[in-house]
Each structure stands twice: as C-alpha cells, then as structure tokens.
Protein chains: 2
Amino acid sequence: MSELPTVPVAVSPIDKFREYLATQGMRLTHERSVIVEDVFSQHEHFDTDQIVERLTPGNTGRRVSRASVYRTVGLLEEAGLIRKVARNNERDVYEHDYGYPRHDHFICDRCDTLIEFENDRVAKLIEELAQETNFRMTGHRLEVYGICEECSRPRKRNPKLDLL
Amino acid sequence: MSELPTVPVAVSPIDKFREYLATQGMRLTHERSVIVEDVFSQHEHFDTDQIVERLTPGNTGRRVSRASVYRTVGLLEEAGLIRKVARNNERDVYEHDYGYPRHDHFICDRCDTLIEFENDRVAKLIEELAQETNFRMTGHRLEVYGICEECSRPRKRNPKLDLL
DNA sequence: GTTATTGCAAACCATTTGCAAGTGT
DNA sequence: ACACTTGCAAATGGTTTGCAATAAC
C-alpha cells in the first residue's frame with residue numbers, strides 16, 4: 001500500500017482544498033482542516049466511520065461531529081482529493097486521489113486486503129477500447145478479485161486472519 | 001446492451017436455480033419461480049426495486065413481497081445466475097451472469113446508461129498482472145466512466161435527459 | 001455584520017430479520 | 001408431518017437533513 005512512490009505535489013492537500021472551497025464560495029473551517037489533516041496523515045484506505053472514530057474526544061482532543069465528517073468527505077471527493085475505491089462492510093471505502101499515482105486494486109476474497117498495483121498498461125488498453133466505442137472516457141475503476149499471495153500459502157493458518 | 005450474442009446454455013435459468021437450491025436443501029417455491037422468470041425475461045440491468053415494482057398486484061397479477069425479492073435476489077447471486085455490477089442511486093444493480101458472455105461496462109456520467117463491451121483483451125492483461133504479483137485471480141470488475149456517444153453530441157439537448 | 005457551517009437529533013431509505021401462518025416434498 | 005418459506009411489520013445501520021447556535025470572511 002505504502003510502497004508506491006508518491007508524486008511530488010506543489011500544493012498541499014489542505015491548500016488544494018482551500019482553493020476548491022474558494023471556487024464554491026465555501027469556507028475552510030477549523031473542522032474541515034482537522035479532517036483533511038487526519039485523512040492525509042497516512043496513505044491508507046479508509047471509510048467515514050474510521051475518521052469519526054479518530055476524531056472523537058478521548059482520542060486526540062480534536063473532535064468533529066459525524067455529520068460534518070460526512071459532509072466534508074463529500075467535499076473532498078468533489079475537490080478531487082480523495083475518491084471512492086470500493087465498498088466494504090456496507091460502507092464506502094476511500095483513498096487519496098491527490099499526490100499519489102493512479103493505480104488499481106487487487107482485493108483478497110479471504111482477508112479483504114486491498115493491494116494497489118500500477119495500471120498504465122490497463123489504462124492505455126481501456127482508453128483504446130473507449131475510443132473504439134466513441135465513449136469519451138474520463139476515468140475507470142478496476143477491482144481484481146482473488147486470493148492474495150499470503151492467503152495462498154498452505155499449511156499454517158493465515159496470520160492476517162488472526163487479527164479478526 | 002442486447003446486441004451481445006448470447007451463449008448457448010444447456011440448462012434454463014430456472015433449472016440451474018433449482019439445482020442450486022437442491023444442493024442447499026432449499027425449495028423452488030412459486031415465488032422464487034416468478035422472480036427468476038421476471039429477471040430472465042429480459043437482458044437488462046436491474047435493481048431490486050424494479051423487480052418489486054413489476055411483481056406488484058396491479059401489474060401482472062403475480063405478487064411477491066419485497067422481503068422475498070431481496071431474499072431471492074441474494075440466492076440468485078449465490079447461485080451464479082446474476083451478479084452485482086454497480087451501484088446506482090444507492091441501490092445495487094445486477095445483471096445476468098448466466099447465459100451471457102463476460103463483459104465490462106462503460107458508464108455514462110451524464111445519463112447513467114450502462115454500455116457493455118467485450119473484455120477479452122482486458123481480462124487477459126489483468127490476468128498477466130495478477131500473476132506477476134502472485135495474486136490468484138478469480139474475477140474482476142471494471143467500470144469505465146465518461147460520456148457516452150449520444151450524450152457527446154452537441155447542439156440539441158440530449159433526448160435521454162428528457163426522460164428525467 | 002453577513003452568510004456559511006456546525007452539532008444535534010430526527011428523518012431517510014435500502015436492506016435485514018423475527019415470527020406466525022402457509023407451503024413444498 | 002416436518003422443515004423450509006412467505007409476508008408483514010419492526011428493526012437495523014449507513015447517510016442525510018432541518019434548525020438554532022456559532023464561526024469565517
């Protein structure tokens with residue numbers, strides 16, 4: 001997940017967000033800052049509930065209401081800072097869409113792990129297919145299902161499963 | 001959508017379903033038959049609500065409760081007769097997974113239309129990538145976003161939009 | 001000072017579930 | 001007869017929303 005090289009970005013996520021908000025006549029509030037900071041403090045896939053949990057009293061002193069988290073996540077998506085990558089446990093799963101290279105995911109049926117992989121070749125091929133169909137492609141989402149290397153190992157039980 | 005060639009199948013959907021149910025010690029009830037018949041009476045993408053609506057008193061005489069439709073759709077998925085292809089309007093969208101060739105979808109951002117396209121090349125490429133990563137691939141889901149040919153046409157308003 | 005935003009609690013909505021009555025084998 | 005199913009209505013659970021108080025510009 002974190003082994004992918006980051007793409008150098010001139011503007012920080014928070015500034016990019018401020019820019020977007022400005023174009024919409026919206027404000028960069030304290031709460032929104034806290035959420036952006038939280039989301040971009042690690043390059044992990046996340047869902048809304050995780051943010052809410054981290055931004056809860058006992059945990060970091062900072063605190064943002066569930067409603068605001070939902071509202072802000074929506075804005076971050078519109079701003080192009082994050083994007084939906086999958087659905088897990090009935091929840092939408094997001095990832096960074098700013099400052100990281102485009103990629104797709106392997107999703108392990110056994111342990112649910114998302115494994116990112118570079119997708120230039122796939123993207124190129126898809127683009128060709130789209131042109132053949134006169135479809136003006138703007139993006140794609142590819143999820144490959146199966147069993148990850150670790151879960152494929154026979155014998156001893158999979159350590160990842162023990163985390164459950 | 002319906003321009004794709006059908007794959008000749010020896011067993012009808014209803015029989016395939018009966019088979020599956022048998023392996024699970026379950027019964028092919030009248031309600032389940034009605035639902036399968038409805039689902040396979042046309043090769044269109046659908047969501048649960050559409051089935052419920054079609055299987056409502058005034059419409060065809062047949063009538064199945066919403067709960068049973070949900071339950072049966074789940075079974076049809078397990079039986080490999082249908083599969084989830086996307087989410088639309090907060091609802092899961094399904095399509096036939098039996099009797100039709102594998103394909104992926106273009107999804108128009110403007111009119112929400114799903115356009116199927118053959119995906120042999122894509123599937124092959126993905127399989128290669130999976131092997132390189134030691135991922136034992138079992139399947140994939142590819143959605144390509146953009147603007148469909150019809151919605152790309154300039155000038156006059158898009159007729160599909162008028163349906164809203 | 002305006003106008004956008006927050007937090008709360010209530011509302012929404014798709015989906016699931018407990019249960020008593022009904023049905024397939 | 002027995003176990004599986006149905007339909008109903010209530011429950012669930014993620015997400016949205018109305019509104020009064022509060023904060024950004």
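Small disclaimer: the values here were computed from a predicted structure and weren't measured. In what follows, chains carry the letters A, B, and so on, assigned in the order in which the sequence lines appear, proteins first and then strands, with residues in each chain numbered from 1.
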| said: Regarding A/D49, tell me which of base, sugar-phosphate or nothing describes its non-hydrogen contacts under 4.0 Å with the strands shown. | reply: nothing
| said: Reading DNA chain C from 5' onward, which residue's closest nucleotide shows up sooner: A/G25 or B/N89? | reply: A/G25
| said: Would you say B/D38 and B/S41 are linked by a side-chain donor-acceptor pair, where the criterion is simply a distance under 3.5 Å? | reply: no
| said: Can you measure B/D47 atom CG to C/dA14 atom P for me and round it to whole angstrom units? | reply: 9 Å
| message | Using 30° and 60° as the class boundaries, would you call the ring planes of A/F135 and B/F106 parallel, tilted or perpendicular? | response | parallel
| Can you check the B/D92 CG to C/dT16 P distance for me, whole Å? | 9 Å
| request: Measure from the side chain of A/Y70, starting at C-beta and using heavy atoms only, and say which of C/dT6, D/dT15, C/dT15 lies closest. | output: D/dT15
| Whole angstrom value for the distance that separates C1' of D/dT6 from CE of B/M26 | 14 Å
| Atom CD1 of B/I35 and atom C1' of D/dG7: how far apart are they, to the nearest Å? | 12 Å
| query | Counting just side-chain N and O atoms, does B/T29 come under 4.0 Å of either OP1 or OP2 of D/dC4? | reply | no
| task | Quick one: label A/R27 by what it contacts on the DNA or RNA (base, sugar-phosphate, nothing), any heavy atom closer than 4.0 Å. | result | base
| Between C/dT17, D/dA24, C/dG7, which one does the side chain of A/V64 approach most closely? | C/dG7
| query | What's the CZ-P distance between A/R87 and C/dA14, to the nearest Å? | reply | 13 Å
| First of B/E90 and B/L28 reached from the 5' end of DNA chain C, by closest nucleotide | B/E90
| query | Under 4.0 angstrom, heavy atoms only, what part of the nucleic acid is A/R32 near: base, sugar-phosphate, or nothing? | reply | sugar-phosphate
| said: Determine whether a donor-acceptor pair (N or O, by modelled atom type, separation under 3.5 Å) exists between the side chain of B/D47 and the backbone of B/D49. | reply: yes
| message | Whole angstroms only, please: what is the CZ-P distance between A/R18 and D/dA24? | response | 13 Å
| Side chain B/R71 and base D/dG7 donor-acceptor under 3.5 Å | yes
| task | Run the salt-bridge test on B/R121 and A/E132 with the 4.0 Å N-O cut-off and return the result as yes or no. | result | yes
| request: For A/N88 and D/dG14, give me the distance from atom CG to atom C1', rounded to whole Å. | output: 14 Å
| message | Using the side-chain heavy atoms of A/R91, tell me which of these nucleotides is nearest: D/dG14, D/dC4, D/dA9. | response | D/dG14
| message | Tell me whether B/R102 is salt-bridged to B/D120, with the criterion being a basic N under 4.0 Å from an acidic carboxylate O. | response | no
| Can you check the B/E31 CD to D/dC4 P distance for me, whole Å? | 17 Å
| message | Side chain of B/S68 only, heavy atoms from C-beta on: which candidate in D/dT6, D/dT15, C/dT15 is closest? | response | D/dT6
| B/R63 side chain N/O closer than 4.0 Å to the phosphate oxygens (OP1, OP2) of D/dC8? | yes
